[in-house]
There are 2 protein chains.
Amino acid sequence: MARVDGGAGSSRAATLSDVARLAGVSIATASKAINGRDEVAPATRKRVLEAAEQISFTPNQLARSLLAGRTGTVGLLTSDLEGRFVIPILMGAEDAFGAGQVNVFLCDARGDAIREQHHLKALLNRRVDGIIVVGRQTDPRPSLGQHLPVPVVYAYAPSDDPADLSITPDNRAGGRLAVEHLISCGRSRIGHISGDPAYAAARDRLLGVRDGLQAAGLELVGDAMFSIWSEHWGRDAAAMLLTQHADVDGIVCGSDQIARGVLDTLRDLGRRVPEDVAVIGYDNWEILATNSRPELTSIDANLQQLGRVAAKRVFTALDDEKPSGTEYLPVRLVIRGSTIARR
Amino acid sequence: MARVDGGAGSSRAATLSDVARLAGVSIATASKAINGRDEVAPATRKRVLEAAEQISFTPNQLARSLLAGRTGTVGLLTSDLEGRFVIPILMGAEDAFGAGQVNVFLCDARGDAIREQHHLKALLNRRVDGIIVVGRQTDPRPSLGQHLPVPVVYAYAPSDDPADLSITPDNRAGGRLAVEHLISCGRSRIGHISGDPAYAAARDRLLGVRDGLQAAGLELVGDAMFSIWSEHWGRDAAAMLLTQHADVDGIVCGSDQIARGVLDTLRDLGRRVPEDVAVIGYDNWEILATNSRPELTSIDANLQQLGRVAAKRVFTALDDEKPSGTEYLPVRLVIRGSTIARR
DNA sequence: CTGTTAGCGCTTTCAG
DNA sequence: CTGAAAGCGCTAACAG
């Protein structure tokens with residue numbers, strides 16, 4: 001059977017021995033020349049590099065990895081269907097590892113434990129140097145266990161086993177930051193509309209909101225309102241809140257989606273934002289935050305930095321002792337027109 | 001230097017020779033037993049498998065790949081920062097390849113050609129079996145060239161070289177589908193508000209809209225309106241359109257974002273949707289389409305299927321002759337409340 | 001049925 | 001400075 005050739009010329013990728021033959025040196029010398037070892041005569045190196053160039057030799061990483069015992073690959077195991085969290089984390093990881101030094105296998109388990117095990121096994125078979133597990137909630141998730149041959153770091157969703165290392169955004173600090181911002185904008189009648197109370201994110205953010213209020217000697221206006229993470233709920237909840245507490249002048253929302261809904265209702269009711277009521281969202285999901293009327297102030301979880309940190313931890317765990325516990329990363333306030341009017 | 005052990009027990013991953021020794025057979029026999037070859041006595045196989053289980057042996061894919069010349073990995077090279085297109089495509093690819101058979105390296109070039117070359121080289125060094133290039137627009141993008149040792153398929157953004165194989169959604173058909181749906185809803189005064197005219201997507205969808213109108217003997221109300229892909233523009237454009245053509249009863253939007261803006265303005269002006277004006281979006285971006293008032297009918301590009309097809313093409317290109325040209329994939333209408341009122 | 005041998009492509013001692 | 005040889009972990013002939 002004739003090998004169909006891509007038209008590139010060589011029917012097979014060039015190997016080091018091809019280079020060596022062409023340069024008239026041994027394989028060992030070719031290897032040293034190409035890897036920039038200094039035990040090679042300059043003239044020889046030049047000859048080897050030219051030969052390599054000529055047949056467009058690229059070193060086979062598989063062979064290198066097999067020998068080195070390290071592959072320079074990391075597995076990113078996720079259940080984040082939307083990619084909302086996983087993409088910035090992936091980018092942060094790429095950054096931390098340094099351009100092109102490390103490549104990332106992205107596996108989507110789709111919330112299925114079986115599939116997750118499947119992917120985990122595949123990653124281990126491919127001898128990844130480490131694994132980052134990315135969840136889509138900040139609720140603790142089942143640990144992959146302690147008996148894995150490579151370091152594992154849990155990002156966004158922490159592991160339920162304190163023996164694991166987890167990196168997660170500090171939602172409580174975020175809630176506090178949000179309310180402090182409203183207070184600094186001169187608000188004192190502050191309500192809180194959030195999402196599904198089954199989420200740790202919802203509960204933690206509320207704790208932070210209460211922290212901030214208490215520190216200022218304030219109390220929440222009405223009860224914290226929970227239901228689901230949607231614009232629809234944001235609209236309905238805002239209507240309820242405004243009916244019962246017409247004097248509200250600030251609303252901390254549990255997500256940008258909810259905040260968008262809240263903005264809709266405020267507009268329907270003729271309340272000006274931010275003059276009458278200031279609104280702050282959570283997540284800083286650009287597509288939502290920058291397109292609303294007015295644009296939405298929000299809390300950003302610094303996911304890209306989270307990815308960087310997770311990646312760094314994977315690497316330090318390769319060398320040093322493995323740290324454990326949950327690390328809470330600071331969040332960031334992004335101010336837009338929903339809390340401070342444009343001039 | 002003492003090797004810090006994760007606590008798992010063995011300080012080194014078990015190899016086939018460990019298994020063979022424990023089972024009291026040769027390495028070759030162990031290999032055959034584990035790979036389910038039938039030239040092994042049942043008793044021997046049992047012994048080997050138990051030994052493997054006992055020391056939790058997992059075959060080293062690197063070694064296998066080195067020998068086989070195929071790695072069972074594919075590179076996904078993207079510039080889709082948001083992950084909006086790349087994630088469904090990744091999922092489709094995983095599906096097509098079969099669970100766990102193939103793993104995907106995801107590389108984000110961030111729109112930088114240098115970084116793209118860097119990643120490309122890294123992928124080739126790792127001996128991926130194929131590459132899928134995912135763009136974030138449907139405009140043709142520069143080809144990676146014909147001189148690559150592995151098959152390359154361009155997904156979403158086609159290559160500018162017809163010698164490459166590209167898979168892209170059929171935007172023209174989508175525009176037509178959208179307008180046909182409005183017509184079938186009884187609309188005849190139809191306007192079009194789209195995004196950046198520098199995008200092929202904007203132009204192609206308009207062509208489709210005109211196709212559909214012409215087939216029904218209709219003409220576009222006013223000029224097609226172009227600017228940018230944002231809600232803000234959608235709001236402004238709708239206001240302009242309604243001012244100049246108060247009798248519009250249907251609006252085809254170039255994106256869901258624009259459609260969201262259009263809905264806002266219609267509500268502000270007191271027009272009922274869909275009774276007075278029916279609105280259809282494009283992309284079926286769930287977060288936008290399912291949270292609007294009313295929910296948004298939209299055109300879905302079937303990105304997951306696009307990923308499946310791209311993956312399949314990579315594989316067939318491995319064996320057979322490599323096809324080329326641009327393949328347009330059908331799109332799908334998703335009907336919600338913005339064109340047909342809920343009962 | 002089982003074991004021996006060779007070798008995938010590369011790096012690394014260690015003699016010359 | 002250069003090259004021969006060993007070997008990373010595995011599979012594929014081929015004898016036995």
Side-chain angles (χ1 to χ4, degrees), chain A residues 10-49 51-52 55-73 122 124-129 149-150, chain B residues 10-49 51-52 55-73 122 124-129 149-150:
Chain A
S10 66
S11 64
R12 187 182 54 83
T15 78
L16 193 54
S17 86
D18 297 330
V19 175
R21 198 177 320 115
L22 188 60
V25 297
S26 75
I27 297 181
T29 303
S31 170
K32 286 168 197 158
I34 285 182
N35 290 302
R37 306 308 225 56
D38 47 357
E39 320 118 283
V40 184
T44 313
R45 156 159 304 130
K46 185 156 178 286
R47 211 145 27 91
V48 171
L49 291 179
I55 60 180
S56 55
F57 165 78
T58 59
N60 187 325
Q61 279 294 351
L62 294 174
R64 284 184 162 175
S65 303
L66 186 55
L67 214 47
R70 297 180 75 258
T71 54
T73 61
L124 293 176
N125 289 351
R126 293 199 190 286
R127 295 301 189 266
V128 293
D129 294 333
V150 297
Chain B
S10 66
S11 63
R12 188 182 52 84
T15 78
L16 193 55
S17 86
D18 296 332
V19 176
R21 196 176 324 113
L22 187 59
V25 297
S26 76
I27 297 181
T29 303
S31 170
K32 287 168 196 156
I34 284 181
N35 290 303
R37 307 304 228 54
D38 46 357
E39 320 117 285
V40 184
T44 311
R45 158 160 301 132
K46 185 158 176 288
R47 210 144 31 90
V48 171
L49 290 179
I55 59 179
S56 56
F57 165 79
T58 58
N60 187 327
Q61 280 295 350
L62 294 173
R64 283 183 164 176
S65 303
L66 186 56
L67 212 49
R70 297 180 75 257
T71 54
T73 61
L124 293 176
N125 289 351
R126 293 199 190 286
R127 296 298 188 267
V128 293
D129 293 335
V150 297

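Residue numbers begin at 1 in each chain, while the letters A, B, ... track the order of the sequences.
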> Of all residues at least two apart in sequence or in a different chain, which pass the side-chain contact (heavy atoms from CB on, under 4.5 Å) check with B:Thr15?
Replying inline: B:Arg12, B:Ser17, B:Asp18
> Do A:Gln61 and A:Thr73 have side-chain heavy atoms sitting under 4.5 Å apart?
Replying inline: no
> Between A:Leu16 and A:Pro59, is any pair of side-chain heavy atoms under 4.5 Å apart?
Replying inline: no
> Tell me, which of residues 33-40 of chain A have any heavy atom that sits under 4.0 Å from an atom in DNA chain C?
Replying inline: A:Asn35, A:Arg37
> What are the 5'-most and 3'-most nucleotides of DNA chain D lying under 4.0 Å from any heavy atom of chain B?
Replying inline: D:dG9 to D:dA13
> Contact class for B:Thr15 vs. all strands (heavy atom < 4.0 Å): base, sugar-phosphate, or nothing?
Replying inline: sugar-phosphate
>> Test your reading of the model: is there a side-chain donor-acceptor pair from A:Thr71 to the backbone of A:Arg127, 3.5 Å cut-off?
In response: yes
>> Measuring only between side-chain heavy atoms, which start at C-beta, is A:Arg47 closer than 4.5 Å to A:Thr29?
In response: no
>> To the nearest 0.5 Å, what is the distance between OG on A:Ser65 and CG on A:Asp129?
In response: 8.0 Å
> Looking at B:Val40 and B:Ala33, what are the two nearest heavy atoms and their distance?
Replying inline: CG2-N, 3.8 Å
>> Angle between the end axes of the helix from C:dC1-D:dG16 to C:dG16-D:dC1, five pairs per end, to the nearest 10 degrees?
In response: 50°
> From the 5' end of DNA chain C to its 3' end, which nucleotides mark the outer limits of contact with chain B, defined by a 4.0 Å heavy-atom distance cut-off (strictly under)?
Replying inline: C:dC1 to C:dG9
> Going from CG on A:Asn60 to CG on B:Leu66, what distance comes out if it is rounded to the nearest 0.5 angstrom?
Replying inline: 6.0 Å
> How would you label the contact of B:Ala28 with the nucleic acid (heavy atoms, under 4.0 Å): base, sugar-phosphate, or nothing?
Replying inline: base
>> Categorize B:Thr44 for me: base, sugar-phosphate, or nothing, with a 4.0 angstrom heavy-atom threshold over every strand shown.
In response: sugar-phosphate
> Are any of the side-chain heavy atoms of A:Arg126 and B:Leu62 separated by less than 4.5 Å?
Replying inline: no
>> Under the rule for side-chain contact (heavy atoms from CB on, under 4.5 Å), what residues qualify as partners of B:Leu49, not counting sequence neighbours?
In response: B:Ile34, B:Arg45
>> I want to confirm an ordering. Mapping B:Ala63 and B:Val25 to their closest nucleotides on DNA chain C, which one lands closer to the 5' end?
In response: B:Val25
> Closer to the 5' end of DNA chain D via nearest nucleotide, is it A:Gly24 or B:Leu66?
Replying inline: A:Gly24
> Looking at B:Ala20 and B:Ala30, what are the two nearest heavy atoms and their distance?
Replying inline: CB-CB, 4.1 Å
>> Closest-nucleotide mapping onto DNA chain C: is B:Leu67 or B:Pro42 further toward the 5' terminus? I mean the 5' end.
In response: B:Pro42
> Within the structure shown, what part of the strands sits under 4.0 Å from B:Ile27 by heavy-atom distance: base, sugar-phosphate, or nothing?
Replying inline: base
